[in-house]
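Reviewing the structure listed below.
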Protein chains: 2
Amino acid sequence: MNSNNITIYDVAREAGVSMATVSRVVNGNPNVKPTTRKKVQEAIDRLGYRPNAVARGLASKKTTTVGVIVPDISNIFFADLARGIEDVATMYKYNIILGNSDSNRDKEIHLLNTLLGKQVDGIIFMGGRLHEDLVDEFKKSPVPIVLAATLNQGYDLPAVNIDYEQAAYDATKMLIGHGHKQVGFITGPLEQQINGEKKFSGYRRALEDAGLPFRENDVILGNYTYASGLEAMQKMLGRDDCPKAIFAGTDEMALGVIHAIQDAGYSVPNDFEVVGHDNTRLATMIRPKLTTVVQPMYDIGAVAMRLLTKILNAEEIEEKNVVLPHRIERRDSLRKD
Amino acid sequence: MNSNNITIYDVAREAGVSMATVSRVVNGNPNVKPTTRKKVQEAIDRLGYRPNAVARGLASKKTTTVGVIVPDISNIFFADLARGIEDVATMYKYNIILGNSDSNRDKEIHLLNTLLGKQVDGIIFMGGRLHEDLVDEFKKSPVPIVLAATLNQGYDLPAVNIDYEQAAYDATKMLIGHGHKQVGFITGPLEQQINGEKKFSGYRRALEDAGLPFRENDVILGNYTYASGLEAMQKMLGRDDCPKAIFAGTDEMALGVIHAIQDAGYSVPNDFEVVGHDNTRLATMIRPKLTTVVQPMYDIGAVAMRLLTKILNAEEIEEKNVVLPHRIERRDSLRKD
DNA sequence: TTTCCAATTGGAAACGTTTTATATAGCGTG
DNA sequence: CACGCTATATAAAACGTTTCCAATTGGAAA
């Protein structure tokens, strides 16, 4: 409760200069004589002066703070992304205001408005689906917004993603390549475009290319969680035409799938083969270790934040819609070729 | 880039009142005639006025923002905690500025100062160890600081924790109760007081109470990760006096331990029994499911934030050092009694 | 010396609120 | 019908910076 009422004005008096000069010193403005700078710096140190970022924000109209809207930070996936964001934010001297939306439209809109009220310099948004109302708000935003791991559904917003369609195609194809005539697909809600359009269509395309029929029954929707993966697989195992190859839309679901298979007394990869998606740390925390599509969450976050800084600095931007490369990390949930 | 230059003054003109009146309406001050309030509200809606929180913060000296310092948000443990914090923060209309410290003293201090510069109303701190320098800074802080899942090493700071010593005692005792004469303890760095003092001494106390000798060899230190748990257990398995019961300081380490045991061809719980710590979601994502000490991370975060709001509102506080209850969740990594 | 220009420095006006003290209106009372 | 209240509304002063513009200073050139 002390030391904090020291203003730039106190420093100015202490150093025998004007507040404008102190401001210059604090902001590293070169137009200050070295001796003056030193004098001011000493006064700052002596007084323990700490610039008030709120006042600075009001005067300069910049807060060096960016908003981050995430469905749920306790989800390992978004936590990793957030770390990527925060790391490059720190690198560029920004701070992060983090909010959880639970992918709920009203919360998203409310959060967005709160952040704008707080005068953030920019926003990074993650969410399964871009509601039209939200996009309307985005359009009205006075500050730039970048999407991370979120499809830019035809709206012209800067975004960072991987090619989900191709990734799902690759994963399915790899399974088919192992001789399976039938591949199960267990993923999240289809309303979310990443699943409903991209992953799903990649899955179908792979089947088609291989001349295999698409069977409605081979697709089960869950909600990304371990439990929903487990349950989905149990349901599938209950059928006599159960596929012996499974592509799961999420590592967490893939773990559930593997355990459901093992709980039923079968072996992975001998009886069933499984491929996951995301390559979270979970992938190596299971036996057999999970073969999975590598979605570089940390990188997506980092690149999204970097993109935002570019926009904020009006730097040259080669491409607003960044597609990061993906690959499949082969581990033991797939038989050796 | 539009609509955002609308100030309280514009609203005042539009509604034909003074800005003070608009301010009252916006802040729900009761001293406004209903008809005036309505008139103002309409002007606000018509203009799409959004109060500038920065200006408000400068004038009122409150930012309704709190800082959260966390070692690493991509760690599931802290992510859960953060979610608890954010949820009650939202409930009380606060926002969260989140920063990762990697438990590094310099980053912690730097982050703290940045947050104070941004005029946060309070801070929630998580970190393995409280550096003396950091505590010095804490003491100088003009705003309250609450520790979450972080031991208040004799300094008189508000904090929310569980009783780690007792929890470790309970876990070890449960293992001993299963007939083990030797219990392995695999945990994080001992410099961190939670491990070095609390968990470790609970472990030793349980041995003592049971009349069992303490063996240096039975304790291996890792760094909380899956890999370090795996490695530690492999090392232990290499010895011919390897304990058949293991208490791991973290669920993630416990998973590593279980897999090391299984990889060596042994069975859990038949050959080895394992107890973890934290009850993260990982505990049920392994076979056998993990018996573990329940540390309610979400609750710790939520309670810490609630405690902070109490301090900020100058509410009556019964106890600044909150100790939440813990228990052991029995699952399949332990034999049935 | 003077003169002039560049390098420094200072002054004061924003920035958009909240808040305090002050004014005004409305209204029941005597 | 004037009086004194109370309930509302207003005006103006913070809040602590940045920033534009003007003023000053210091030296080099003349």
Side-chain angles (χ1 to χ4, degrees), chain A residues 3-41 43-44 47-65 93 114 116-121 142-143, chain B residues 3-41 43-44 47-65 93 114 116-121 142-143:
Chain A
S3 86
N4 215 50
N5 29 7
I6 293 155
T7 73
I8 199 172
Y9 195 76
D10 299 318
V11 176
R13 184 159 14 79
E14 175 84 9
V17 300
S18 77
M19 59 196 295
T21 300
V22 177
S23 174
R24 286 189 200 98
V25 171
V26 169
N27 294 295
N29 183 314
N31 293 340
V32 182
K33 213 188 336 180
T35 63
T36 309
R37 179 183 303 281
K38 181 146 171 288
K39 200 169 52 176
V40 171
Q41 192 57 57
I44 287 175
L47 265 37
Y49 167 69
R50 173 191 296 135
N52 180 324
V54 172
R56 196 200 298 245
L58 183 59
S60 69
K61 294 172 163 300
K62 302 228 169 309
T63 55
T64 60
T65 302
K93 315 270 188 218
T114 306
L116 293 178
K118 295 226 166 169
Q119 314 298 121
V120 294
D121 294 338
V143 301
Chain B
S3 86
N4 213 49
N5 30 5
I6 292 153
T7 73
I8 199 172
Y9 195 75
D10 299 317
V11 176
R13 182 159 17 76
E14 175 85 7
V17 299
S18 78
M19 58 196 292
T21 301
V22 177
S23 174
R24 285 190 205 95
V25 170
V26 170
N27 294 295
N29 183 314
N31 293 341
V32 183
K33 215 189 328 183
T35 63
T36 310
R37 179 182 302 282
K38 180 144 173 290
K39 200 169 52 178
V40 172
Q41 191 57 57
I44 287 175
L47 264 39
Y49 167 69
R50 174 192 295 136
N52 180 325
V54 171
R56 193 199 296 245
L58 183 59
S60 69
K61 295 175 163 296
K62 302 229 168 309
T63 54
T64 60
T65 302
K93 316 269 188 217
T114 306
L116 293 177
K118 296 226 167 167
Q119 313 299 120
V120 294
D121 294 338
V143 301

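Labels below follow one simple rule: chain letters A, B, ... track the order of the sequence lines, proteins then strands, and each chain is numbered from 1. No hydrogens, no waters, no symmetry mates; every other heavy atom, side chains included, goes into these values.
- Regarding Asp10(A), its CG atom lies at a distance of 9 Å from the P atom of dG16(D), rounded to whole Å.
- Taking NZ of Lys61(B) as the reference point, atom CG of Asn52(A) lies at 7.5 Å (rounded to 0.5 Å).
- In this structure, Tyr9(B) places its OH atom 15 Å from C1' of dA14(C), rounding to the nearest Å.
- Less than 4.0 Å separates DNA chain D from at least one heavy atom of each of the following residues of residues 53-63 of chain B: Leu58(B), Ala59(B), Lys61(B).
- Annotation: of the two residues near DNA chain D, Val22(A) and Met19(B), the 5′-most nearest-nucleotide partner is Met19(B).
- Shown here are the side chain to side chain contact (heavy atoms under 4.5 Å, CB included) partners of Asn27(B), two or more places apart in sequence or in another chain: Ser23(B), Arg56(B).
- Residue Arg13(B) contributes atom CZ, which lies 13 Å from atom P of dG16(C) at whole-angstrom precision.
- Counting to the nearest Å, the C1' atom of dT17(D) and the CZ atom of Arg50(A) are 16 Å from each other.
- Here the closest heavy-atom approach between residue Val54(B) and residue Gly57(A) is recorded as CG1-C, 3.9 Å.
- With sequence neighbours excluded, no residue forms a side-chain hydrogen bond (donor to acceptor under 3.5 Å, both in side chains) with Thr114(B).
- The minimum heavy-atom distance between Val26(A) and Ile44(A), with the atom names listed, is CG2-CD1, 3.9 Å.
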Between protein and nucleotides 7-9 of chain C, what N or O pairs are separated by less than 3.5 Å?
from	atom 1	to	atom 2	distance (Å)
dT9(C)	OP1	Thr36(A)	OG1	2.2
dT9(C)	OP2	Lys33(A)	N	3.0

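- The minimum heavy-atom distance linking Val25(A) with Gln41(A) is given by the pair CG1-OE1, 4.0 Å.
- Rounding to whole angstrom units, CD of residue Gln119(B) and C1' of dT17(C) are separated by 15 Å.
- When the local axes at the two ends of the helix from dT1(C)-dA30(D) to dG30(C)-dC1(D) are compared, using 5 base pairs at each end, they differ in direction by 50° after rounding to 10°.
- Between Tyr49(B) and Ile6(B) the shortest heavy-atom distance is CD1-O, 3.4 Å.
- Summarising the geometry, the separation between CG on Asn5(A) and P on dT17(D) is reported as 11 Å, rounded to the nearest angstrom.
- Taking every heavy atom of both residues into account, Val143(B) and Val120(B) meet most closely at CG1-O, 3.3 Å.
- Between the Lys118(B) side chain and the Thr63(B) main chain, no donor and acceptor come within less than 3.5 Å of each other.
- For Ile8(A) and dG10(C), the CD1 to P distance is 12 Å, given to the nearest whole Å.
- Each salt bridge (Lys or Arg N to Asp or Glu O under 4.0 Å) pair with one or both residues in residues 24-40 of chain A, not counting sequence neighbours, appears once here: Lys38(A)-Glu42(A).
- Closest non-hydrogen pair, Met19(B) versus Ala12(B), comes out as N-CB, 3.6 Å.
- Put simply, Asn27(B) has a side-chain N or O that comes within less than 4.0 Å of OP1 or OP2 on dT18(C).
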